[in-house]
Each structure stands twice: as structure tokens, then as C-alpha cells.
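Quantities reported herein were computed from a predicted structural model and do not represent experimental measurements.
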Amino acid sequence: MIRAVKGTRDILPAETPGWQRVEDAARRLLARYGFREIRTPAFEETQLFARSIGGETDIVSKEMYTFDDRDGSSLTLRPEATAGVARAVIEHNLAETDPILKLFMIGPMFRREQPQKGRQRQFHQINVEAFGMTRPSVDVEMIELSLALLDCCGMKEGDLFLNSVGDANCRPRYVAALREALRTEEDRLCADCRRRSETNPLRVLDCKVAADQAIIERLPRITDYLCPQCRDHFNEVRRQLDLLDVPYRLNHRLVRGLDYYTRTTFEIVARSEALGAQNSVLGGGRYDGLIKDLGGPDLAGIGFAIGMERLVLASSRVEIDEKRCDVFLVPLGAPAFDRALVAQRDLRRSGRSALIDHEARGLKAQMRKADKIGARYVALLGDNELARGVWSVRDMTDSRQEEVPEEDFVGFIERRFNG
RNA sequence: GUGGAUGUAGCUCAGUUUGGUUAGAGCGCCAGGUUGUGGCCCUGGAGGUCGCGGGUUCGAAUCCCGUCAUCCACCCCA
């Protein structure tokens, strides 16, 4: 049997209403904040991701689905959205044409990781990006929006963590200081952290090994190394968050795993137990140097991504009553079936959902099917009805049944739904 | 890439410790009870290479070896 490949899964008809609810709510809210939808390709030139995300990151070094096209060029299924959106912004000069460049994208991403709860190789994100705005109030708008989005999508219990990772001026100084401090503690750290001390010292900060925690708490903090500009920016972000009553918690250990982040970084962690170890539902930050690094104008950027699978897991379940059918037509015999086909078309033309059980044998079986499918009305056409030129229309909610002249049948149904 | 758990009917699972006739249950599906009426109830039916391969044995879902898959966790991220 051919199965869905490792780390991918089908979102079945029973689940799609929940996904649509999330997407619809998100689209409505994003429109209120002035965001417009963009849809970029699911694959790009490999170079784009290598240059934007950073060659030393886990994503680029071991998680990308990369393949050679037939002409020999290297392509990669997108592991995240920002790079592609940034590319599109540059390619189409969007910053020149759009006075307020706010974009969002909903779609699948691909990373070759070991699957676990809340982590799949194909997963879906809602990505929100704003370009060309450098002021702290933009950071605050994005953070407030991220909370509002999760809230309107049904996730009530989440903690917002905030940090600043500095910029090209001050972050290298901090990394140097961190590496220095780690050297003196080296022999007391876990094996992973000793390795990280060299490869990517920032990663030591979110180590989960209990024995390392005390040491990590004593390490230098990025916020003590921020340059004056970054410090002022961070302070202003915090002041305005307070102004808008946005609850947040500082987390000096919050360092994003992608190289392009600058200054503000944030993350929302679900309190729900439903998520397992991967409880981060939303993450993002500012990336002021990215567009220029990719060969575009010197354009600031800030964005975040919501993991939709995780959001669905963390959201309160709402029963969505599936109304698949307004009228279920039950013809008995071949002449009646022909009339039912016509009636089905006419009902649909008038805007109602109508179904016929094409395979049905007996009346009882068709009634059962009508009930299972949640039909509001059943319209029966048997020998009695044919002889008198009527439909027997049964209201499935109260089991009341009445006869309706054939020529008024569609009008009768219409009045039932509109009146 | 590493570690742990689990693979039996469409779904959820018993049965595996202590090997023993035709492998069970609930739900779902189909049909009948009601030859023109759904839900509830009753009766019957269909549906399984017991993940796959090999081994031990008179005999394997059950014991042994291998392998694959899924889940959870590490790593890391949304």
C-alpha cells in the first residue's frame, strides 16, 4: 500500500472546517490591520535560502529538501516564508509601488526533520510581514497583532516572550563575550552545549538540561550589550506595549534560530498540554538587513509566522455542525428518478444544496442516508405522489410531512428557508 | 542522526505474561424486523496475509532474530 510519506499527513474532510475557520478568521483580522495576501512559489532557487536564513543554521545545513532541476540548477522546497516574500518584494519593486507594504501568506513549508507532536515535514504557516518601517511602533503593532490573531483563531492561553538580539553593530560584540564566558565554564556544561559553544553559542541559551541552568543564568545577557540605538528601540517597544496593555515577559534567552533577525524578537508559547514538547505556536522578529543582503534596497522588515498545525492543536475545539444538505431527494422507481434529477438541478439553481442517493435501493436505506448526512428536508416521490403530481416533503427536525404540488416544489422549499 | 514505546477488522482496542480447534468486542458499514419513511431498540451479514521476512516448535497473533512503519522524546524550530 502506498502511504503518505513520512512527516506528511492528510487533512481529512472532518478536519477541514476547523482549518477554514482559522484561515477565514485570520484573513478578516489581517485585512483590518491593512495586510494584503501574497502567494509565492513553494520552491525557489536554493541560493535564496542559503543567503537569507544563514548557511550555518540547522535549517540550511541539514533540513532542506533540495534537488537538481533538469537543467542542473539547484532548487529547494521552501523551509520558511520570509525569504520568498522578500525575494518577491525585490523582484517586483513592491516597496516603490505600495505606500504601506504589509503582506501575509498562508501555505505549506517543508523541512526534513524527525517528526513528532507538532512537527511535520510538510507543515503550514500563516506568515505576516511588514516592510520599510523602522519605528518601534511597528514592532508593537506586529506583536499586538500576533496576540490578536491567536485569540481570534481560538487560542486563548498563551504567553508572549520578548527579547532584543541587537544588530550588526552590537551582536558580534555580545557573541564574542558569550563565547569567552562559555570557555571558562566549558567543562561543567553538557556535551551538546560544549559543541554549541563553538558552532553557535547563542543556542546554549535555550538548553534544557537541568544541570546547565544555573550556569546559563550567570552568562552575559544580550540586553547588556545593546548599542545605544538598539537599546533605545527596545525600550520604546516596551513602553508602547505597556501603553497598549499588551502583556509580555522578557526572556533574554530568546534567540531565534535564523541568522537574519535583528533587534526585536518575540515568541508565543501555548500553555495547553495538547502541544507536547513543541509548544511554540508563533515566532518572529525584525530583519532590517535582509532585503539589502539579498541585493535589494535598504529596506527594513519585520514579521512573524504562526504554525497552523500547532495552533489547531492548541485551540479550543468547537463543534462545527455540518449541514451538507438542505433537501435530500428520494425517488422510488425510474420515472420518479428522472423527475428528481430535474428537481435537484432546479433546487441547486435556486441556491439550495440538494442531493440524490444515486445508488439507493430501498426507501429505508435512502431515509437512513438522509439522516446521516444531516439533511434538513427529505422530498419523497413515489407512485402515490406521481399519480397526484405532488412531492411529500418531510421536515427531518420535527418529522412533519406535507404534500406540495410539483410545480410549486422549488418555491415551497425557498419559502421554507427564506421565510 | 539518537533514544523509548507501539504495530491485530474502516476506527478504538482486547487476546501476547503461562504457544493449543474456525482470532474477538465496541463503534462504523450493509441488510432484515416495518413489501412507503430516518434517529432508539432487536436480529443477521460482510470485513482480518494478526506490519513484513526468517527462525524455534507437532503447533506461533503469542517465543527468538531481523526489517519496515507510526507515535513520543532529544536536537532544532512555527
Side-chain angles (χ1 to χ4, degrees), chain A residues 1-9 12 14 53 57-63 79-82 106-128 146 150 190-193 195-196 199-200 202-203 206-209 254-258 266-270 275-285 303-314 328 330-333 336 357 359-386 392-401:
Chain A
M1 183 176 49
I2 299 177
R3 310 167 47 94
V5 309
K6 190 186 190 75
T8 70
R9 82 182 201 96
L12 298 172
I53 300 168
T57 61
D58 280 20
I59 291 177
V60 172
S61 64
K62 57 186 189 194
E63 293 174 1
E80 58 104 43
T82 304
I106 300 177
M109 307 295 154
F110 308 86
R111 291 182 201 171
R112 210 198 127 84
E113 300 181 271
Q114 202 55 240
Q116 69 183 81
K117 197 179 200 62
R119 167 183 290 160
Q120 282 154 277
R121 292 183 173 183
Q122 173 172 344
F123 59 102
H124 299 78
Q125 289 187 336
I126 301 172
N127 276 265
V128 185
S146 66
L150 295 186
C190 71
D192 279 335
C193 282
R195 176 178 53 76
R196 284 184 285 233
T199 58
N200 196 347
L202 290 175
R203 297 256 67 86
D206 48 24
C207 173
K208 286 167 191 161
V209 176
L254 176 61
V255 285
R256 314 255 83 234
L258 289 68
F266 55 99
E267 176 173 291
I268 297 178
V269 173
L275 267 179
Q278 307 303 324
N279 58 357
S280 168
V281 172
L282 177 151
F304 61 84
I306 296 173
M308 294 183 71
E309 280 82 0
R310 293 182 186 179
L311 174 58
V312 170
L313 282 174
F328 195 89
V330 177
L332 298 173
D357 176 16
E359 309 300 327
R361 277 138 286 205
L363 170 61
K364 183 173 186 152
Q366 297 195 57
M367 289 300 295
R368 241 202 288 269
K369 200 151 280 188
D371 182 54
K372 290 245 164 63
I373 221 154
R376 178 65 210 281
Y377 293 99
V378 162
L380 179 67
L381 193 63
D383 291 343
N384 294 345
E385 287 80 4
L386 276 177
S392 285
V393 177
R394 184 182 183 86
D395 185 332
M396 294 296 274
T397 54
D398 61 11
S399 299
R400 270 193 261 188
Q401 190 162 314

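An OP1 or OP2 oxygen of B:C72 is reached within less than 4.0 angstrom by a side-chain nitrogen or oxygen of A:Lys117. Taking side-chain N and O atoms only, A:Gln116 has a distance below 4.0 Å to OP1 or OP2 of B:A73. Side-chain N/O atoms of A:Arg119 include none lying less than 4.0 angstrom from OP1 or OP2 on B:A78. Between A:Lys6 and the phosphate of B:U70, there is a side-chain N or O to OP1/OP2 separation shorter than 4.0 Å. The phosphate of B:C77 (OP1 or OP2) has a side-chain N or O of A:Arg203 nearer than 4.0 angstrom. Residue A:Gln120 places no side-chain N or O under 4.0 Å from the OP1 or OP2 atom of B:U70.
Taking atom C1' in both B:U62 and B:U17, the straight-line distance is 10 Å, to the nearest Å. For the P atom pair drawn from B:G26 and B:U35, the interatomic distance equals 28 Å after rounding to whole Å. Taking the C1' atoms as reference points, B:G32 lies 14 Å from B:A46, given to the whole Å. Atom name P, nucleotides B:U16 and B:G10: the rounded distance is 23 Å, in whole Å. Taking the C1' atoms as reference points, B:G48 lies 15 Å from B:A14, given to the whole Å. Of the P atoms belonging to B:C77 and B:A5, the separation is 29 Å, rounded to the nearest Å. On the C1' atoms, B:U8 is 30 Å away from B:U2, given to the nearest whole Å. Between the P atoms of B:G19 and B:G59, the separation comes to 15 Å (whole Å).
Between the side chain of A:Arg394 and the main chain of A:Gln401, no donor-acceptor pair closer than 3.5 Å is present. Not a single donor-acceptor pair under 3.5 Å links the side chain of A:Arg310 to the backbone N or O of A:Arg119. At least one donor-acceptor pair under 3.5 Å links the side chain of A:Glu309 to the backbone N or O of A:His124.
No engagement by A:Glu267 is indicated, since no non-hydrogen atom pair under 4.0 Å with the nucleic acid exists. Using a 4.0 Å heavy-atom criterion, one finds that A:Asp383 contacts the bases of the nucleic acid, with or without backbone contacts as well. Residue-level contact check: A:Ala365 touches the backbone only, with heavy atoms under 4.0 Å from sugar-phosphate atoms and none from bases. Across all strands shown, A:Ile59 has no heavy atoms under 4.0 Å from either base or sugar-phosphate atoms. As judged by a 4.0 angstrom heavy-atom cut-off over every strand, A:Gly362 is placed among residues making no nucleic acid contact. Using a 4.0 Å heavy-atom distance criterion, A:Gln401 is classed as a base contact. Across all strands shown, A:Glu359 has no heavy atoms under 4.0 Å from either base or sugar-phosphate atoms. Here A:Ala305 lies in heavy-atom contact (under 4.0 Å) with sugar-phosphate atoms only. Counting non-hydrogen atoms under 4.0 angstrom, A:Gly283 reaches the backbone sugars and phosphates but no base.
Nearest-nucleotide mapping onto RNA chain B: of A:Thr397 and A:Ile268, the residue sitting toward the 5' end is A:Thr397. Along RNA chain B, the nucleotide nearest A:Arg112 and the nucleotide nearest A:Met367 are compared for position; the residue whose nucleotide lies closer to the 5' end is A:Arg112.
Remark: B:U17 base-pairs with no nucleotide; criterion is Watson-Crick or G-U wobble with both hydrogen-bond distances under 3.5 Å. Pairing of B:G1, defined by two Watson-Crick or G-U wobble distances under 3.5 Å, is identified with B:C74. With a 3.5 Å ceiling on both atom-pair distances, the Watson-Crick or G-U wobble partner of B:G66 is B:C52. A 3.5 Å limit on both hydrogen-bonding distances identifies no Watson-Crick or G-U partner for B:U37.
Distance check, rounded to the nearest 0.5 Å: CD of A:Glu113 to NZ of A:Lys62 gives 9.0 Å. Taking OG1 of A:Thr397 as the reference point, atom OH of A:Tyr377 lies at 6.5 Å (rounded to 0.5 Å). Note: A:Thr57 OG1 to A:Glu63 CD = 8.0 Å, rounded to the nearest 0.5 Å.
Atoms CZ (A:Arg111) and C1' (B:A78) sit 6 Å apart, rounded to a whole Å. In this entry the distance linking CG of A:Leu363 with C1' of B:C30 reads 17 Å, nearest Å. Atom-to-atom, CG of A:Asp357 to C1' of B:A31 comes out at 15 Å; the value is rounded to the nearest Å. In this structure, A:Glu63 atom CD and B:C75 atom C1' are separated by 9 Å, rounded to whole Å. Protein atom CG of A:Asn279 is 15 Å distant from nucleotide atom C1' of B:C72, rounded to whole Å. Going from atom NZ of A:Lys364 over to atom C1' of B:U34 covers 6 Å, rounded to whole Å. A straight line from CD of A:Glu80 to C1' of B:C77 spans 11 Å, rounded to a whole angstrom. One interatomic measurement links the two molecules: NZ of A:Lys62 to P of B:U2, which rounds to 13 Å at whole-angstrom precision.
Judged as a salt bridge (charged side-chain N to carboxylate O under 4.0 Å, His left out), and not counting sequence neighbours, the contacts of A:Arg400 are A:Asp398.
Comparing B:C76, B:G36, B:C77 against the side chain of A:Arg310 picks out B:C77 as the nearest. When distances run from any side-chain atom of A:Gln125 to the nucleotides B:A78, B:G36, B:C77, the shortest one goes to B:A78.
Between A:Gly303 and A:Phe266 the shortest heavy-atom distance is O-CZ, 4.3 Å.
Judged by atom type and distance alone, A:Gln366 does not reach the base of B:U37 through any side-chain donor-acceptor pair under 3.5 Å. Residue side chain A:Arg3 does not reach the base of B:C68 through any donor-acceptor N/O pair under 3.5 Å, judged by distance alone.
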Mind listing the N/O atom pairs, protein and nucleotides 3-9 of chain B, below 3.5 Å?
none

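The side-chain heavy atoms of A:Leu363 and A:Val330, taken from C-beta on, include a pair separated by under 4.5 Å. No side-chain heavy atom of A:Val5 sits less than 4.5 Å from a side-chain heavy atom of A:Arg121.
A donor-acceptor contact closer than 3.5 angstrom links the side chains of A:Ser392 and A:Glu385.
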